[in-house]
*Asks:* 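Here it is: the structure, laid out below.
Predicted, not measured: the structure shown is a model, and the values here were computed from it. Start at 1 with the first residue, then count along the sequence. Heavy-atom basis, side chains included; hydrogens, waters and symmetry copies ignored.
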Amino acid sequence: MKKIAVSLALAAAMALPVVALANGNPQTKSAMTANGCFACHAVTHKVVGPAYGWVAYTFAHKPGADVKLAHKIISGGAGRWNAWTGGIPMPPHPQLTLAQAEQMADWVLAQKPIAPPKP
Ligand code: HEC
């Protein structure tokens with residue numbers, strides 16, 4: 001049943017045209033919830049991983065950021081946020097297609113930018 005729900009959420013996210021919505025596409029947010037992203041991330045504060053607002057701030061106006069972040073979401077890994085996370089890596093998400101991961105990266109980048117606090 002959970003698998004079906006996840007597939008439906010992903011199918012819904014994929015069927016949508018890529019549009020820039022003020023706070024990110026709500027269907028993409030549902031797909032992120034279904035894939036457990038919010039277990040480790042919140043928009044305004046660190047959970048296990050960096051706040052999405054910090055990511056939006058760091059990558060604001062950087063061309064190609066969504067593709068770069070999409071690859072990181074699929075492959076996982078640590079490095080950029082070690083000072084805040086203590087070096088905990090993001091697990092890989094091989095179930096996502098590059099297009100799905102790009103939509104998620106776009107959702108993250110559409111959040112209100114927040115300057116990361118001093119680690
Ligand atoms: C088990 C915890 C965990 C889960 C689940 C998780 N993340 Fe992460 N995420 C992290 C950590 C830790 C980092 C910091 C990695 C680093 O230091 O480079 C991170 C980093 C990121 C970044 C920033 C990458 C960068 O290079 O700056 C994005 C974007 C991101 N995650 C999106 C997602 C999305 C989308 C999902 C769901 C598909 C997800 N995360 C699921 C822990 C998690």
*Asks:* Please examine the side chains of His41 and Met90, heavy atoms only from C-beta on, and report whether any two atoms are closer than 4.5 Å.
*Replies:* yes
*Asks:* Which donor-acceptor pairs under 3.5 Å do the side chains of residues 50-76 make with protein atoms, sequence neighbours left out?
*Replies:*
from, atom 1, to, atom 2, distance (Å)
Thr58, OG1, Trp54, O, 2.8
Lys62, NZ, Thr58, O, 2.8
Ser75, OG, His71, O, 3.1

*Asks:* If you take all heavy atoms of Gln95 and Asn35, which pair is closest and at what distance?
*Replies:* NE2-OD1, 2.8 Å
*Asks:* Just distance, no hydrogens or angles: give the donor-acceptor pairs under 3.5 Å from side chains in residues 77-85, sequence neighbours left out.
*Replies:*
from, atom 1, to, atom 2, distance (Å)
Asn82, OD1, Gly79, N, 3.0
Trp84, NE1, Pro117, O, 2.9
Thr85, OG1, Trp81, O, 3.1
Thr85, OG1, Gly87, N, 3.1

*Asks:* Supply the atom-to-atom distance Leu109 CG to Glu102 CD, rounded to the nearest 0.5 angstrom.
*Replies:* 11.0 Å
*Asks:* NZ of Lys29 to CD of Gln111: how many Å apart, nearest 0.5 Å?
*Replies:* 7.5 Å
*Asks:* Please name the pair of heavy atoms, one in Trp107 and one in Asn25, separated by the smallest distance, quoted to 0.1 Å.
*Replies:*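 Trp107 and Asn25 have their closest heavy atoms at CD1-O, 3.2 Å.
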*Asks:* Between Ile114 and His45, is the side chain to side chain contact (heavy atoms under 4.5 Å, CB included) condition met? List the steps.
*Replies:* CA-CA 9 Å; Ile114 301 168; His45 61 274; over 6 Å; no
*Asks:* Counting distance only, does the side-chain N/O of Gln103 pair as donor-acceptor with the main-chain N or O of Gln100 below 3.5 Å?
*Replies:* no
*Asks:* Between Thr28 and Gly24, is there a donor-acceptor pair closer than 3.5 Å when you use the side chain of the first and the backbone of the second?
*Replies:*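 Answer holds: no.
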